[in-house]
Amino acid sequence: MALHNRRDFLAGSAALALTACGGGGGGSSAPAPAPSTPAPAPTPANPNAVQAALSFGNASVHDPSVIRVNGSFYVFGSHLAAARTTDLMNWTKLADGVDNGNPLFGNKVTTELAATFAWTTVTDLWAPDVARLDDGKFYMYYCSCQGSSPLSALGVAVAGSVDGPYANKQIVLKSGMVGTSEDGTPYDATRHPNVVDPAVFKDATGKLWMIYGSYSGGIYILQLDPATGLPIPGQGYGKHLLGGNHAEIEGAYVIYNPATQYYYMFTSWGGLAAAGGYNVRVCRSLAPDGPYLDGFGTDMATVRASAPFDRPSIQNFGMKLMGGHQYANAAFETGTALGYVSPGHNSAYYDATTGQYFIIFHTRFPGTGELHEIRVHEMHFNADGWPVVAALRYAPLSLASPAQTADVSAAQAAGTYKLVNHGKDITATSKGSIVVTLNNDGSIGGAGGMTGTWTHDGSNRITLVSGGVTYRGVLSRQWNANSSAFVVSFSVISSTASTAAATGVSLWAVRLSS
């Protein structure tokens with residue numbers, strides 16, 4: 001969570017009214033007949049296998065951090081909000097609000113966390129994380145921040161059940177103090193962390209780590225004692241991994257891929273509000289505590305703002321997975337054009353049974369202000385070992401009717417798509433889609449003006465080359481609510497390029513016709 005009055009962006013509600021009008025007419029020197037309305041142009045037929053609409057149940061949880069328990073997924077977020085799902089499509093809200101009506105702390109959060117709120121001077125909680133440790137108990141790593149400064153406290157509470165009630169164990173770290181900080185030196189907000197946004201993970205050897213931080217001095221990591229859930233003594237604030245000088249970077253989350261043997265650190269860059277330009281980026285390391293690199297080879301520990309909050313000085317780094325965008329509806333598609341505004345602050349989940357990866361985040365939407373909801377997308381890994389995020393929200397292909405296979409052949413990949421280029425900038429301007437055609441002869445064309453070549457690489461992998469840049473990614477079938485069908489899509493990323501600005505650019509594409 002950043003420092004710009006986050007409580008102003010609690011979930012709201014908005015209604016988007018769409019109206020349309022049209023007409024036409026003509027003239028003649030002869031006496032005119034009674035006016036008539038010309039017949040509307042016929043709507044092009046939907047070329048996809050249309051089926052009954054799928055059901056989604058949405059919920060608002062800002063900064064959702066995921067944990068799976070007994071077949072259910074739980075997310076915990078800012079302002080002590082929580083929700084649950086069994087299918088990653090339909091969410092039930094469990095709790096919300098930092099008050100004594102919240103069941104997560106047994107209806108006594110102000111008492112349990114009195115010392116925390118006394119330090120930060122506010123009764124509020126930001127992005128937490130819940131982890132199940134070796135003793136079978138659930139540890140909630142919570143944080144509170146004053147908001148206009150990094151006066152923050154990060155602590156841990158424990159429960160026997162994932163949904164509480166949680167009892168406070170202790171404050172772990174503080175920041176924003178005047179005088180001596182956790183590492184024994186005077187606190188300096190340009191190089192010391194704001195102790196918020198914790199996320200806890202185990203590495204491949206079983207060691208326990210906590211990554212945290214927001215804006216201020218950047219992202220840090222500490223090793224934890226798995227027996228107590230507390231930092232191993234003597235680390236101070238831990239090791240610096242990314243950011244500094246108030247670079248707009250926060251919401252770190254780490255997941256390990258046993259196939260690639262990399263640790264992937266996700267972060268959100270920019271501001272969280274609808275006008276903030278929030279976007280999700282990733283870097284990776286062979287060790288849990290870094291160094292983390294992007295595809296251009298930049299050590300992310302060197303990435304810091306040249307001046308406080310200066311976006312241009314950081315925007316070319318990291319692999320940008322997604323930002324604000326909106327697909328244009330084809331003539332046969334119905335409903336509000338799909339898209340996101342300021343998507344970010346994600347967590348991730350790996351299902352070892354199915355081999356699937358998911359990214360869980362909150363997002364706002366075009367034309368709805370600060371209203372936000374949870375979204376889940378499937379993730380895949382490209383030939384270079386970088387994650388790509390599926391172009392549409394998750395719905396299992398098993399719901400397709402008639403049944404469809406996950407495999408997408410080269411012949412099935414060829415066709416016309418609406419494609420979004422997410423770029424590398426940090427901007428509140430949503431990226432619009434263009435029309436692109438993957439031709440049967442391996443060339444790229446279409447009304448959008450994109451040219452180049454494409455190849456089907458087997459196993460649903462695809463490569464595009466355009467403008468001298470190579471993009472590698474994955475084909476899949478995703479649910480398009482606006483055409484009521486599962487359609488072929490692809491997501492690719494420029495894993496390596498000749499410049500930092502051209503490396504880590506994601507393209508999302510949704511096929512219009514076969």
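We're numbering straight along the sequence, starting at 1. Heavy-atom basis, side chains included; hydrogens, waters and symmetry copies ignored. Not measured: the values here are computed from a predicted model.
Between Y327 and H325, the angle of the ring planes goes over 60°, which puts this pair in the perpendicular group of the 30/60° scheme. The aromatic rings of Y220 and Y237 sit perpendicular, their planes meeting at an angle over 60°, well past the 30° parallel limit.
Of the candidates N346, D63, V75, V61, D63 is the only one forming a side chain to side chain contact (heavy atoms under 4.5 Å, CB included) with H362. For the side chain to side chain donor-acceptor pair (under 3.5 Å) criterion with T110, the lone passing option out of T123, N100, N102 is N100.
Across all their heavy atoms, V122 and C145 have their closest contact at CG2-O, 3.2 Å. Residues H192 and P186 approach most closely at CE1-O, 3.2 Å, considering heavy atoms. For the pair P198 and C143, the tightest heavy-atom approach, listed with the atom from each and the gap, is CD-SG, 3.8 Å. Of all non-hydrogen atoms in A95 and P103, the two that sit nearest each other are CB-CD, 4.1 Å. Of all non-hydrogen atoms in G385 and T260, the two that sit nearest each other are CA-CG2, 4.2 Å. Contact between V389 and W508 at its shortest, heavy atoms only, is O-NE1, 3.3 Å.
A distance of 4.5 Å separates OH of Y357 from OH of Y350, quoted to the nearest 0.5 Å. With rounding to the nearest 0.5 Å, the separation of CH2 in W269 from CD1 in I314 is 5.0 Å. Going from atom CD of E182 over to atom NZ of K174 covers 8.0 Å, rounded to the nearest 0.5 Å. In this structure, the separation between CE on M379 and CD1 on I360 is 8.0 Å, given to the nearest 0.5 Å. Taken from NE2 in H62 to NE2 in H79, the straight-line distance is 7.0 Å, to the nearest 0.5 Å. Here the straight-line distance linking atom OG of S149 with atom CE of M177 works out to 11.0 Å at 0.5 Å rounding.
Of the possible polar contacts, none joining the Q223 side chain to the I232 backbone as a donor-acceptor pair under 3.5 Å is found. A distance-only check finds no donor-acceptor pair linking the side chain of D294 to the backbone of F317 [under 3.5 Å]. Remark: side-chain polar atoms of T85 are not paired, donor with acceptor, to backbone N or O of F73 under 3.5 angstrom. Checked by atom type and distance alone, the side chain of Y278 never pairs as donor or acceptor with a backbone atom of A274 at under 3.5 Å. Within the 3.5 Å criterion, the main-chain N or O of G504 finds a donor-acceptor partner in the side chain of S494. No side-chain donor-acceptor contact under 3.5 Å links Y212 to the backbone of L222. With hydrogens and angles ignored, the 3.5 Å screen pairs a side-chain donor or acceptor of Q326 with a backbone N or O of A337. A distance-only check finds a donor-acceptor pair linking the side chain of K424 to the backbone of A500 [under 3.5 Å]. Between the side chain of H240 and the backbone N or O of L242 there is at least one donor-acceptor pair closer than 3.5 Å. At least one donor-acceptor pair under 3.5 Å links the side chain of S506 to the backbone N or O of K320.
A donor-acceptor pair shorter than 3.5 Å can be found between the side chains of Y142 and N168. In summary, the side chains of D203 and W209 do present a donor paired with an acceptor at a separation below 3.5 Å, with no hydrogens or angles considered.
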Under the side-chain hydrogen bond (donor to acceptor under 3.5 Å, both in side chains) rule, what do S342 and R364 come out as? Steps first, then yes or no, please.
CA-CA 6 Å; S342 288; R364 291 160 173 80; over 6 Å; no

I'd like to know whether N279 forms a side-chain contact (heavy atoms from CB on, under 4.5 Å) with Q315, so could you lay out the CA-CA distance, the side-chain angles of the two residues, the decisive distance to 0.1 Å, and finally the verdict.
CA-CA 10 Å; N279 62 97; Q315 67 181 11; over 6 Å; no

Might you work through the side-chain contact (heavy atoms from CB on, under 4.5 Å) test for M210 and L173, ending with a clear yes or no?
CA-CA 12 Å; M210 180 179 73; L173 295 170; 4.3 Å; yes

Pair Y264, F381 - check ring pair (Phe, Tyr, Trp, His ring centres under 6.0 Å), show working.
CA-CA 11 Å; Y264 295 86; F381 285 81; 5.1 Å; yes

Dump the intermediate steps for side-chain contact (heavy atoms from CB on, under 4.5 Å) on L371 and F365, then the final yes or no.
CA-CA 7 Å; L371 177 144; F365 305 93; 3.8 Å; yes

Run the side-chain contact (heavy atoms from CB on, under 4.5 Å) check on S216 and H246 step by step: do they pass?
CA-CA 4 Å; S216 299; H246 301 292; 4.2 Å; yes

Any chance you could lay out the side-chain hydrogen bond (donor to acceptor under 3.5 Å, both in side chains) test for T363 and R393, step after step, and finish with the verdict?
CA-CA 12 Å; T363 185; R393 74 182 298 186; over 6 Å; no

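Aromatic pair W126/H345: ring centres not closer than 6.0 Å.
Counting heavy atoms from C-beta on, the side chains of V510 and Q478 never come closer than 4.5 Å. The side-chain heavy atoms of S433 and L419, taken from C-beta on, include no pair separated by under 4.5 Å. In this structure, S175 and Y187 have side chains that are in contact, with non-hydrogen atoms separated by less than 4.5 Å. Put simply, the side chain of V492 does not reach to within 4.5 Å of the side chain of V388, judged on heavy atoms. Side-chain contact between L113 and L125: present, with at least one pair of heavy atoms (C-beta onward) separated by less than 4.5 Å. Inter-residue side-chain proximity for V282 and P387 is flagged as met; some heavy-atom pair is nearer than 4.5 Å. In this structure, Y292 and I219 have side chains that are not in contact, with every pair of non-hydrogen atoms separated by 4.5 Å or more. By the 4.5 Å heavy-atom criterion applied to side chains, Y215 and V196 are not counted as neighbours.
Salt bridge absent: D384 and R284 never bring a charged side-chain N and a carboxylate O closer than 4.0 Å.
Figure legend: cation-pi geometry between R472 and W386 absent, as NZ or CZ is not positioned both under 6.0 Å from the six-membered ring centre and within 45° of its axis.
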Give every donor-acceptor pair under 3.5 Å between a side-chain atom in residues 153-165 and any protein atom, sequence neighbours left out.
from : atom 1 : to   : atom 2 : distance (Å)
S161 : OG     : D163 : OD1    : 2.6

